[in-house]
Protein chains: 2
Amino acid sequence: MTVTQAAAERLVRIGEVARGAGVSVRAVRYYEQQGLLIAERSPSGQRLYRQDAVALVRFFQQMFAAGLTSRRITELLPCWDSGHTDAEQRAMLRAERDRIQAKVDDLQTALDRLDEIIAITDTHP
Amino acid sequence: MTVTQAAAERLVRIGEVARGAGVSVRAVRYYEQQGLLIAERSPSGQRLYRQDAVALVRFFQQMFAAGLTSRRITELLPCWDSGHTDAEQRAMLRAERDRIQAKVDDLQTALDRLDEIIAITDTHP
DNA sequence: CTAAAACCTGACGTTGACGTCAGAGGCAAG
DNA sequence: CTTGCCTCTGACGTCAACGTCAGGTTTTAG
């Protein structure tokens with residue numbers, strides 16, 4: 001829900017966002033550069049964020065961890081905060097989902113391999 | 001088990017290894033450069049591999065997919081084909097295993113997030 | 001014998017998400 | 001006022017696993 005009135009909802013500077021989300025200041029600037037995160041500016045030019053920016057940055061981190069590029073994330077952001085999607089976006093979402101699932105399977109396979117090796121090396125003194 | 005005699009066990013060239021493992025020729029050369037894969041040389045200087053090199057390259061791919069670096073793989077190769085490990089190597093194996101497990105969890109979280117978004121966008125026409 | 005296909009050694013290019021450094025403001029405290 | 005911390009804009013550096021190109025040799029098919 002967008003609070004359209006509610007005079008001046010506490011804005012924070014970039015350092016606080018970075019610390020809150022556990023990333024570097026540089027990272028947050030990078031997100032803006034990639035069109036992921038828009039910030040207001042103070043009269044002197046400093047970036048000002050709403051506090052929900054922290055959650056958004058955390059979301060970015062999750063998606064990055066899943067192997068999505070910032071480009072992909074910008075493409076799915078409209079779905080995220082408008083809830084509306086066209087066919088192309090839905091296809092993209094499913095493609096990414098499937099890709100991640102495949103990656104999980106790959107990792108699981110590698111994990112089994114490693115456990116196998118660990119088991120062998122544990123029995124071999 | 002290493003067959004110490006067995007005159008001339010069919011050696012293959014780099015192209016066959018690459019095709020067999022589903023990677024590029026360049027990749028196989030890279031593995032040698034990183035000390036992952038040692039090849040004999042023909043009199044004219046061409047690389048000659050034993051056919052188990054294909055399985056080894058596949059193993060490399062699995063480890064790469066799991067996020068291990070070639071450096072790490074060289075470190076665990078001795079465990080792999082000698083079965084013997086010291087404390088440091090065992091610690092490394094477990095560290096990697098835990099790291100991969102954590103990554104699986106991260107991916108699963110991201111997957112849930114995406115599925116959530118997909119569910120929402122599917123109900124929203 | 002010859003042309004195509006495969007192989008060789010460098011060596012530079014690519015990609016993504018930042019790190020890092022330089023130089024220049026801005027902002028609250030004492 | 002000044003000290004110290006935060007922020008700003010460029011802009012180059014990083015890392016890993018290759019891709020790609022150049023220019024030359026070797027093997028294979030016909």
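Each chain gets a letter, A, B and so on, in the order its sequence line appears, and its residues count up from 1. Every heavy atom of this structure was used, including side-chain atoms; hydrogens, water molecules and symmetry mates were not.
- When heavy atoms are screened at a 4.0 angstrom cut-off, A:S42 is found touching no nucleic acid atom at all.
- Evaluation of atom-type donor-acceptor distances gives no pair under 3.5 Å for the side chain of B:R13 against the base of D:dT27.
- Note on B:E96 versus B:R99: salt bridge recorded, some NZ/NE/NH1/NH2 to OD/OE distance being below 4.0 Å.
- Contact check, B:Y31 against D:dC18: a side-chain N or O comes under 4.0 Å of OP1 or OP2.
- Across all strands shown, B:R29 has heavy atoms under 4.0 Å from base atoms, whether or not it also approaches the sugar-phosphate.
- At the heavy-atom level, B:L68 lies under 4.0 Å from the strands shown only through sugar-phosphate atoms.
- Relative to the side chain of A:V25, the nucleotides D:dT7, D:dC18, C:dC18 differ in distance, and D:dT7 lies closest.
- Within 4.0 Å (heavy atoms only), A:R41 reaches sugar-phosphate atoms of the nucleic acid but no base atom.
- Taking 4.5 Å as the limit, some side-chain heavy atom of A:V28 sits within range of a side-chain heavy atom of A:Y49.
- Nearer to the 5' terminus of DNA chain C, by closest-nucleotide assignment, is the contact made by B:G15 (compared with the other of A:S70 and B:G15).
- Residue A:Y30 places at least one side-chain N or O closer than 4.0 Å to OP1 or OP2 of C:dA17.
- In this structure, A:M63 places its CE atom 13 Å from P of C:dA17, rounding to the nearest Å.
- Among the protein residues, B:Q33 comes within range of no part of the nucleic acid, since none of its heavy atoms lies under 4.0 Å from any strand.
- Residue-to-nucleotide contacts include no donor-acceptor pair under 3.5 Å from the side chain of A:R47 to the base of D:dT7.
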Quick one: do B:F64 and B:Y31 satisfy ring-ring contact (aromatic ring centres under 6.0 Å, His included)? Show the steps, please. CA-CA 11 Å; B:F64 284 139; B:Y31 300 155; 5.7 Å; yes
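- Side-chain contact check for A:D106 versus B:Q62: every heavy-atom pair is 4.5 Å or farther apart.
- An OP1 or OP2 oxygen of C:dC27 is reached within less than 4.0 angstrom by a side-chain nitrogen or oxygen of A:S44.
- Residue contacts shown for B:F60 are absent, as no nucleic acid heavy atom lies under 4.0 Å away.
- Toward the 5′ end of DNA chain D lies the nearest nucleotide of B:F64, the other residue of the pair B:P43 and B:F64 mapping further downstream.
- Look at CZ on B:R26: it is 12 Å from P on C:dC8, rounded to the nearest Å.
- Under 4.0 Å is where a charged nitrogen must lie from a carboxylate oxygen, and between B:D115 and A:R94 no such pair does.
- Remark on DNA chain C: of its neighbouring residues B:L48 and A:Q46, the 5'-side contact belongs to B:L48, judged by nearest-heavy-atom nucleotide.
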